Amino acid sequence: METNIPKHYDPSRENEIYTRWLERGYFRASVNPEKKPYTIMIPPPNVTDKLHVGHAFNNTIQDALIRAKRMQGYEALWVPGTDHAAIATEVQVVKALAKEEINKKDLGREAFLKRVWEWKDLYGGTIISQLKKMGISCDWDRERFTMDEGLSAAVLETFERLYNEGKIYRGERLVNWCVTCQTTISDSEIEHEDGEGTLYHFKYPKSDGSGYIAFATTRPETMLGDTAIAVHPEDERYADDFGTGLIVPLFGESPRKIPLIKDAYVDPEYGTGAVKITPAHDPNDFEVGERHNLPRINIMNDDGTINKNGGKYAGLTREEARNQIIEDMDAQGLFIKKEKITHAKGAHDRCHKVVEPLIKLQWFLRMDELSKPALEAYTSGKLKFHRERYGRIYKHWLEIVRDWCISRQIWWGHRIPAYYCPSGHVTVSKTAPSACTACGSTELTQDEDTLDTWFSSGIWPFSTLGWPDKTPELEYFYPTNVLVTAQEIIFNWVVRMTFMGLKFMGDIPFTDVLIHGTVLDAHGKKMSKSVGNGIDPLEVVEKYGADVLRLAFLNGTAIENDTRFHWERVEFCRNFMNKLWNAARFVLMNATGALQGSLPVSPPLHLPIEDKWILSRVNGLICEVTEKFDSHDLGMATQKIVDFIWDEFCDWYVEIVKPRLRNEETKPQAIGILVRVLTTCLKLLHPVTPFITEDLYLALKPDEETIVRSSWPVYDPALADPAAEKALDNIKEAVRGVRNIRADKQVPPAQKITLIIQPHDRDASELYSQAKAYLASLCNASEAEIRPFDAEPSTVEGAISLVVPGALLYLPLASLIDTEKERARMEKERKRLTQELERIDAKLSNEGYMAKAPANLIAAERGKRGDFAAMLAKVENEIRNAAEE
RNA sequence: GGGAGCAUAGCUCAGUUGGGAGAGCGCAUGCCUUACAAGCAUGAUGCCGUUGGUUCAAGUCCAUCUGUUCCCACCA
């Protein structure tokens, strides 16, 4: 037969197909009262860099879900966009500027922001084009950016409302401060490394002169800010020391008196079990201080020198102060010793100087009231996590949630809409105010700080639909259906979206949260730029096509678990694409000219049993796959389709119908079934591999416009046919038995033999007679001879006999028979069947089992017992016959 | 330190309310059978991490231990 379809699958047409989809607007969604909405908001990728393999995985999942829903008749909206990623992007741009030896401060705020916008345009654009190359079906007309005009307005609106309600306030908070660069730095800019350090041991005298309490510190200069000594509540050693205070003996005439407090934070096993508490210069101490209402004494200027709170040490650098304090303590006999230790040090990744925790005034969002409905949404079951275990992470975090520090000392982001007059009044307004609301002063300066990047991400599910305006989109598409993301941002993002949604929309932003795992490298390590073990998803797309990459992500994986990236897996997926391609090619080669219109869709009643079988199987597949999609189990859904196509459709059904295709009379109906089953498979697979399925669908259905908006296959109870499935199982078992013997006896494929089948009842006779033609071709036999079932059973001289379901099968292979081996084979079969029967009998005679096991299970076991018993009888009969000869 | 996973064939992994252990790769053997060698057929391989418990029945549920990974926080 002739065909111009290439022999191998070639993904190079993907771009062309995608362009066509865009031109025809298949991904657009709009308010449509005729349909139910299904909405996904993309987790906006950061414009810090191009896409990595994690994004590719994340978006493949979303695309599969949205494509399935679109086919199922929903108005499926997937809103795309990108995130400004405040600190992360700023850090990237600062790094890039450093290469040009440009300092951010020298450049100035405005010029710096211009550079960041250029960065954003570059990477934002790259990200979008990469998503498109992956076949992502977002509604691109609705693309948003967290700092575009509309979203920025929504952010300011949110801030103003929360401030007016008293939920946003200013308060002190420790930040990481770099004294060299004179700036706060984020946790992600701190490099932790173990370094040599010195641990100094001191003692503070008790204020009543009755003794001392010893402690140790690596930073003696912070003693100037000490406001307590803490011990573990159950530490007996200090039980008698309460009631009197301690003296910080560094302030000459006016020594500072501080309390001894109990706090479980202290590890009694470590050192003396007593810890100095410096709330203004240590994160842990800050928290201890909060619990005990300790004063916070800031002792340091922004340049790292000691300030006026340091008494006589004021003006010294931190190193100078440290040395002086050791000297002074020693002079008073309060210095015990010093020792070398290794400990973790935090340094700024730019200048490598030690980071100093300092207290700064920050903006906070009060969480107590906001968190309650968010927690309630989960505990009431309204907000569902997949897997459920991720919900526990969400719950746990909300239970221990603290107020959220929303200000950042960086330039890239939404500038805080707070304005200060010279008298220090604060005016908060989403639009720049002309005068101070308190005193009317017109000399207003805006807060220098910007908002935490998650503040804008938190309102993403509704800001993208036009909020604060009451748009029809908001009304129709909100709340969205599913959020697909990774577990590391459950706190940062999922929680924030939930309470923001509840607060401003009065409803949760999504009903289902699908948490997926991380894509690791082949050795199970996290991919990272510095290690250089990353896989570029676009490289895979270039080489194999987007379909293959997507399939590799989903086929057979449990998406909620971490998964390793293996090229072998990619190859397998490529091979499957090729298999599918060739299956369609085979159908098309046979169907030339016959595709349109005339394909008979007979009532299943009159179809041959193999057609009933495949239709029943594909029907069952529809049911399973739809169910798996609904429960977000994409890995299993995909695997079911792949297995069905390769195993049942290609390896069995196609081989079964080949004889019918050679006969012009039986051919059209066979083609009809082939096209029908294959089309169904293409639809089911389309959400996972959109390109190849579109290509083949259009080839098989020339009248159709696209598979993207075709209808999802529907389960049809009338096609379910357990009897046909059982019948074909039996045929398959018989075929496998023959093939096994042929392989075992090393019968050359060229040697065709006749199959002789002796059915043992009418049903079996009918089945094998119907299957006669393909039974022979599947077994590579010249012909299958079916003996009358009611004839007297007689052995066939010089033939190997084989017990198959409902029949005895003879293979005339006289020259190849080894009597001893045959006997052994039969004995082995007898043993196997006997063991099966024993196992079943053990169960059926177990009183507990009979009393408590479900009835259908018992019935099934009984059924199997009957089958095994019949086969055993045949085998034993064969063994007897052989012995008689 | 707080939280959460994972442990099943040589390798990578599935295994849905408990009901006779699966796939891919790899391996062995034979095939270019007129869709596909990116293929077809056949085959071998498992005390389902340890110990105990619940149950008629445990890879599956509970507890324990061992190993391992991740998230958050941190070592005065």
Side-chain angles (χ1 to χ4, degrees), chain A residues 1 3 5 7-9 187 192 199 215-219 222 230 265-267 270-272 274-278 282-285 288 341 343-344 387 389-390 392-393 396-397 400 486-491 517-518 520 522 524-526 555-558 560-566 568-569 571-590 627-628 631 633 635-636 639 642-643 647 650-651 654-655 658 662 735-736 739-744 746-750 777-778 780 836 839-840 843 846-854 856-858 860-861 864:
Chain A
M1 270 182 224
T3 173
I5 305 170
K7 194 170 164 184
H8 282 166
Y9 160 66
D187 291 344
H192 290 278
L199 187 62
F215 59 90
T217 178
T218 53
R219 297 190 298 159
T222 62
Y265 149 72
V266 180
D267 175 5
Y270 191 94
T272 63
V275 182
K276 67 192 273 302
I277 302 298
T278 323
D282 181 278
N284 282 320
D285 294 5
V288 174
I341 57 161
H343 66 139
R387 299 284 184 108
R389 66 177 187 246
Y390 292 116
R392 294 202 292 273
I393 295 177
H396 177 74
W397 197 81
I400 60 167
Q487 75 149 309
E488 68 251 28
I489 53 177
I490 290 177
F491 313 133
T518 311
L520 307 168
K525 297 285 172 223
K526 230 178 158 168
N555 185 33
T557 60
E560 70 274 14
N561 292 341
D562 290 353
T563 169
R564 300 185 191 196
F565 186 93
H566 284 280
E568 291 86 347
R569 193 189 197 100
E571 297 242 336
F572 169 77
C573 292
R574 191 268 315 261
N575 292 353
F576 173 71
M577 290 289 93
N578 192 51
K579 187 74 185 176
L580 177 61
W581 181 262
N582 274 289
R585 180 163 163 257
F586 174 77
V587 174
L588 290 165
M589 282 164 68
N590 280 285
E627 213 175 275
K628 296 297 175 196
S631 59
D633 191 354
M636 193 52 84
Q639 189 171 40
V642 168
D643 286 352
D647 183 34
C650 291
D651 288 349
V654 167
E655 295 304 322
K658 271 180 179 173
R662 294 189 197 107
V735 170
R736 282 200 201 96
R739 283 170 173 175
N740 180 323
I741 287 179
R742 287 193 63 128
D744 190 46
Q746 301 192 339
V747 181
S777 70
L778 290 174
N780 199 17
E836 293 285 8
R839 187 187 57 75
I840 293 175
K843 266 193 178 180
N846 180 329
E847 280 178 31
Y849 179 82
M850 296 305 286
K852 295 187 177 175
N856 61 338
L857 200 69
I858 294 173
E861 291 290 331
K864 276 190 263 179

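Below, chain A is the first sequence line, B the second, and so on; all start at residue 1. All of these numbers come straight from a predicted model, not from anything done at the bench. Because only heavy atoms are used, hydrogens play no part in the values below, and waters and symmetry mates are left out as well, while side chains stay in.
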The side chain of [X] is closest to which nucleotide in this list: [options]?
X: A/Asn561; options: B/A35, B/A41, B/A14; value: B/A14
X: A/Ala853; options: B/G19, B/C36, B/C70; value: B/G19
X: A/Lys7; options: B/C40, B/A37, B/G15; value: B/A37
X: A/Asn578; options: B/U34, B/C36, B/A14; value: B/C36
X: A/Arg564; options: B/A14, B/U12, B/C72; value: B/U12
X: A/Asp651; options: B/C72, B/U12, B/C40; value: B/C40
X: A/Asn740; options: B/U42, B/A35, B/C70; value: B/U42
X: A/Cys650; options: B/G3, B/C71, B/A35; value: B/A35
X: A/His396; options: B/C36, B/G2, B/A35; value: B/G2
X: A/Tyr849; options: B/A35, B/C56, B/C75; value: B/C56

Treating [X] as the side-chain partner and [Y] as the backbone partner, does any N or O pair qualify as donor plus acceptor under 3.5 Å?
X: A/Asn740; Y: A/Arg736; answer: no
X: A/Asn578; Y: A/Arg574; answer: no
X: A/Thr518; Y: A/Leu520; answer: no
X: A/Asn582; Y: A/Lys7; answer: yes

By nearest-heavy-atom nucleotide on RNA chain B, the more 5' of A/Lys864 and A/Glu560 is A/Glu560
When A/Gly556 and A/Tyr9 are each assigned the nearest nucleotide of RNA chain B, the 5'-most assignment goes to A/Gly556
Readout for nucleotides 23-32 of chain B: B = base within 4.0 Å of protein heavy atom, S = sugar-phosphate only, - = neither; 5' to 3' it is -S--------
Interatomic distance at [atom1], [N] relative to [M], whole Å:
N: B/U45; M: B/A38; atom1: P; answer: 29 Å
N: B/A57; M: B/U50; atom1: C1'; answer: 22 Å
N: B/A23; M: B/C48; atom1: C1'; answer: 16 Å
N: B/G1; M: B/C65; atom1: P; answer: 14 Å
N: B/U54; M: B/G2; atom1: P; answer: 31 Å
N: B/U69; M: B/G53; atom1: P; answer: 32 Å
N: B/G26; M: B/G19; atom1: P; answer: 32 Å
N: B/U66; M: B/A28; atom1: C1'; answer: 37 Å

How many whole angstroms separate atom [atom1] of [X] from atom [atom2] of [N]?
X: A/Glu655; N: B/U42; atom1: CD; atom2: P; answer: 12 Å
X: A/Glu861; N: B/C56; atom1: CD; atom2: C1'; answer: 13 Å
X: A/Leu857; N: B/G19; atom1: CG; atom2: C1'; answer: 5 Å
X: A/Arg742; N: B/G43; atom1: CZ; atom2: C1'; answer: 17 Å
X: A/Glu847; N: B/U55; atom1: CD; atom2: P; answer: 17 Å
X: A/Trp397; N: B/A73; atom1: CH2; atom2: P; answer: 11 Å
X: A/His566; N: B/A14; atom1: NE2; atom2: C1'; answer: 14 Å
X: A/Phe576; N: B/C36; atom1: CZ; atom2: P; answer: 17 Å

So what does [X] hit on the nucleic acid, given a heavy-atom distance under 4.0 Å: a base, only sugar-phosphate, or nothing?
X: A/Ala216; result: sugar-phosphate
X: A/Arg736; result: sugar-phosphate
X: A/Arg389; result: sugar-phosphate
X: A/Met636; result: sugar-phosphate
X: A/Lys525; result: nothing

What about [X]: does its side chain form a donor-acceptor pair under 3.5 Å with the base of [N]?
X: A/Lys852; N: B/U55; answer: no
X: A/Lys579; N: B/C36; answer: yes
X: A/Arg574; N: B/A38; answer: yes

Does a nitrogen or oxygen in the side chain of A/Lys628 sit under 4.0 Å from OP1 or OP2 of B/A14? no
(request) Kindly say if A/Arg392 contacts the phosphate of B/G5, meaning a side-chain N or O under 4.0 Å from OP1 or OP2. (result) yes
In the strands shown, is [N] matched to any nucleotide by a Watson-Crick or G-U wobble pair with both distances under 3.5 Å, and which?
N: B/U54; answer: none
N: B/C65; answer: B/G49
N: B/A44; answer: none
N: B/G39; answer: B/C31
N: B/A23; answer: B/U12
N: B/G1; answer: B/C72

Please tell me if the side chains of [X] and [Y] come closer than 4.5 Å, counting only heavy atoms from C-beta onward.
X: A/Thr557; Y: A/Arg569; result: yes
X: A/Cys650; Y: A/Lys579; result: yes
X: A/Phe576; Y: A/Asn555; result: no

Where does the angle between the aromatic ring planes of A/Phe491 and A/Trp397 fall among parallel (under 30°), tilted (30 to 60°) and perpendicular (over 60°)? parallel
Residues passing the side-chain contact (heavy atoms from CB on, under 4.5 Å) test with A/Asp643, sequence neighbours excluded, are A/Gln639
Hits for side-chain hydrogen bond (donor to acceptor under 3.5 Å, both in side chains) against A/Arg387, two or more places apart or cross-chain, chain-then-number order -> A/Glu560
